[in-house]
There are 2 protein chains.
Amino acid sequence: MDGGAENTDNKRRTSWKKDPEAVKENILAIATEEFAAHGLSGANINEIARKTSTSKRMIYYYFGDKEGLYCKVLEGVYSSLRRSEDLLDVGGLEPEQALRRLVEATFDAHANAPHFIRLVMIENIHNGDYLRKSEIVPKLNRSIIDKLEEVCARGKAKGVFRKGVDALELHWLISSFSFYNVSNRATFSASFGASIFAQPRQAILKQRVTDMILAAVVIGYQPDSWS
Amino acid sequence: MDGGAENTDNKRRTSWKKDPEAVKENILAIATEEFAAHGLSGANINEIARKTSTSKRMIYYYFGDKEGLYCKVLEGVYSSLRRSEDLLDVGGLEPEQALRRLVEATFDAHANAPHFIRLVMIENIHNGDYLRKSEIVPKLNRSIIDKLEEVCARGKAKGVFRKGVDALELHWLISSFSFYNVSNRATFSASFGASIFAQPRQAILKQRVTDMILAAVVIGYQPDSWS
DNA sequence: CATGAATTTAACCGCTGGGTACATTTAATT
DNA sequence: AATTAAATGTACCCAGCGGTTAAATTCATG
C-alpha cells in the first residue's frame, strides 16, 4: 500500500518522499480497526498513532480531532458496503430470482463486513449523531432502496408480487436478519451456544430467511423445504 | 423503595438508618441509565456518583470497580427482561395462537426495553466478555427456549406445525426482528427517515413479521393480509 | 538558491476520571 | 458503656489521554 512513489498519481502532486494520501489511508485503516474494536470513547488516539506508519500529530493534522477521524471512518465503511452492493446486478433476473439474490447477497455482505456492523452498532449507541452530520451518507443509501423498488415494480407488473409490498419495509426486514446475525453473536452465543453461527446452520438460516421473505412477497410461493 | 424500616427484612440485619440495600438499588438504577446511555468506557463514575443519592466511595464499596458495577447492571437488565417473559403464559392457547402471542409479546417487550437493548448492544461491542463471566445469565435464558420448545412440541403433536421447526432457530428469528427494530433506529432513520418507527407502520411491521413467522411454521398458513 | 507552503517530528501540557487513604459515624452485641 | 464491624464522608492521588506548541524537513517555484 505504501511501496514506492506512485507517479501514476495525478492532481498537481507527482511524487513526494512520503505521499500524504497514503498516510491518510493508513491512518484511516488503522482507525477503522480501533474504533470498530473499542468504540468511540474506548479507542485510544495514542494507540492508533502507535499502530500507524506515522505519528499522532498527523492524525490531528489531517482529521482535526478524534471525532473528525471517527466520522471519516464511519463514512468509509458505509461507502465501502454500498459500493459492494452496487456491484450486484440483478437486472437480468426475473423478479423472484432477483429478490432471492438480493436477500442472499445482503445476508452474505453483512456476514463478511464485521467492521461495518460494529461501527454501525457503535454509531447507534451514539444515537446516529455523527452519521446525521455526514453529507456523504444520505445519498449512498438510496441505491439499495432504488434497487429493491425496481425489483418490486417489475414483480408487481409481472403479477407475481403482492400489491402491498413496500421496498423500505422489505429493506428493514432483510437488514434485520442480516444485521442481527452478526451484531448479536457474542451475547446470543453466551446464552445459547455458538452452533447457530457455524456451518451448516448458517446456510440453513440463510435459506430460511430467504424463503420467508419470498413467501411474504411472491404470490403462491411454496419453498421446497416447507414440506 | 426506601420508605420506613423494613423489619420484614430477614437475615441478621433488621433496620439501619440508611438501608444499604436501598443504596445499592439506587446506584444500580443510576448506573443502568448511564451505562445504557454512554457505554462502558463512555460512562463516567463521577457523573454516576453525582446523580446517586450517595457518594462515589459507596460505588467502590459495594461494586469494587467500574467493571463490577457494569456487570451487575448487565445482570439486572437481563433478569428483568426474562422476568417479564416469565409472566407471559401461553399454556392455555392453541399452538398457533400461542406462537403468535409469543412473537407479538417479544416484539413489544423489546420495543419497551430500550435500556436492555442498548446494554446488550454495548455488551456485544465488548464481545460478550462480561456476560460470559456472569453465572446468573445462562440459566435465565433457558425459560424462553423452553417455552418455545413446548409450543413447538404441541404444534407438531397436533399436526399443525412443520417437522423441521426448531425452537432455537425460531428464537433467533423472532429476536432478530424485535432487536433490530430498536437497536438500529438511529442509523436507519438517518438513512431512510423515521416513518417506519412511528405508528401505524410499527403495527403493520409487527403484523408482517408475525405472519412471516407463522407462515414458516404453521402448515398451510395464509395470512389475511396476503391477499 | 532563496522563498514558502505542505508535511512531519518530538516534546510537552493540563485535566479528566478511575481509584484510594483514612478518618468517622452508625447500630448491633456484650 | 465499651466493643466491634458495617457503612459512609472527604480529600486526595496520579496516570492516561486528548490535544497543542514550536520547530524542522521536503519539495515546487521564481
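Throughout, a chain's letter reflects where its sequence line sits, starting with A, and its residues are numbered from 1.
- Where B/G64 and A/Y62 meet DNA chain C, the nucleotide closest to each residue was compared, and A/Y62 sits on the side nearer the 5' end.
- Between A/F188 and A/F197, the gap from one ring centroid to the other is short of 6.0 Å.
- Side chain of A/M58, nearest nucleotide from D/dG18, C/dG18, C/dT8: C/dT8.
- For the residue pair A/S134/A/E75, the side-chain donor-acceptor check at 3.5 Å is satisfied.
- Under 3.5 Å, the side chain of A/R57 and the base of D/dT21 form at least one donor-acceptor pair of N or O atoms.
- Note on B/A43: only backbone sugar-phosphate atoms sit closer than 4.0 angstrom, heavy atoms only; bases stay farther off.
- Between B/T54 and D/dT8, a side-chain N or O to OP1/OP2 separation shorter than 4.0 Å is absent.
- The ring of B/F177 has its center no closer than 6.0 angstrom to the ring center of B/F107.
- One finds a side-chain N or O of B/N44 lying less than 4.0 angstrom from the OP1 or OP2 phosphate oxygen of C/dG17.
- To the nearest angstrom, C1' of C/dG17 lies 14 Å from CG of B/D65.
- Ring pair A/F179/B/Y180: centre-to-centre distance below 6.0 Å.
- For A/N46 and D/dG16, the CG to C1' distance is 8 Å, given to the nearest whole Å.
- Look at CZ on A/F63: it is 16 Å from C1' on D/dG19, rounded to the nearest Å.
- One interatomic measurement links the two molecules: NZ of A/K24 to P of C/dA6, which rounds to 12 Å at whole-angstrom precision.
- Remark: the B/K56 side chain and the C/dG19 base include a donor-acceptor N/O pair separated by less than 3.5 Å.
- The CD1-P distance, from B/I59 to C/dG18, rounds to 10 Å in whole Å.
- C/dT20 atom P lies 11 Å from atom CD1 of B/I45, rounded to whole Å.
- Residue A/S55 places at least one side-chain N or O under 4.0 Å from the OP1 or OP2 atom of C/dT9.
- When the C1' atom of D/dA6 is taken as reference, atom CD of B/E21 falls 13 Å away, rounded to whole Å.
- Checked by atom type and distance alone, the side chain of A/R118 pairs as donor or acceptor with a backbone atom of B/I125 at under 3.5 Å.
- Rounded to whole angstrom, the span from the OH atom of B/Y60 across to the P atom of C/dC22 amounts to 18 Å.
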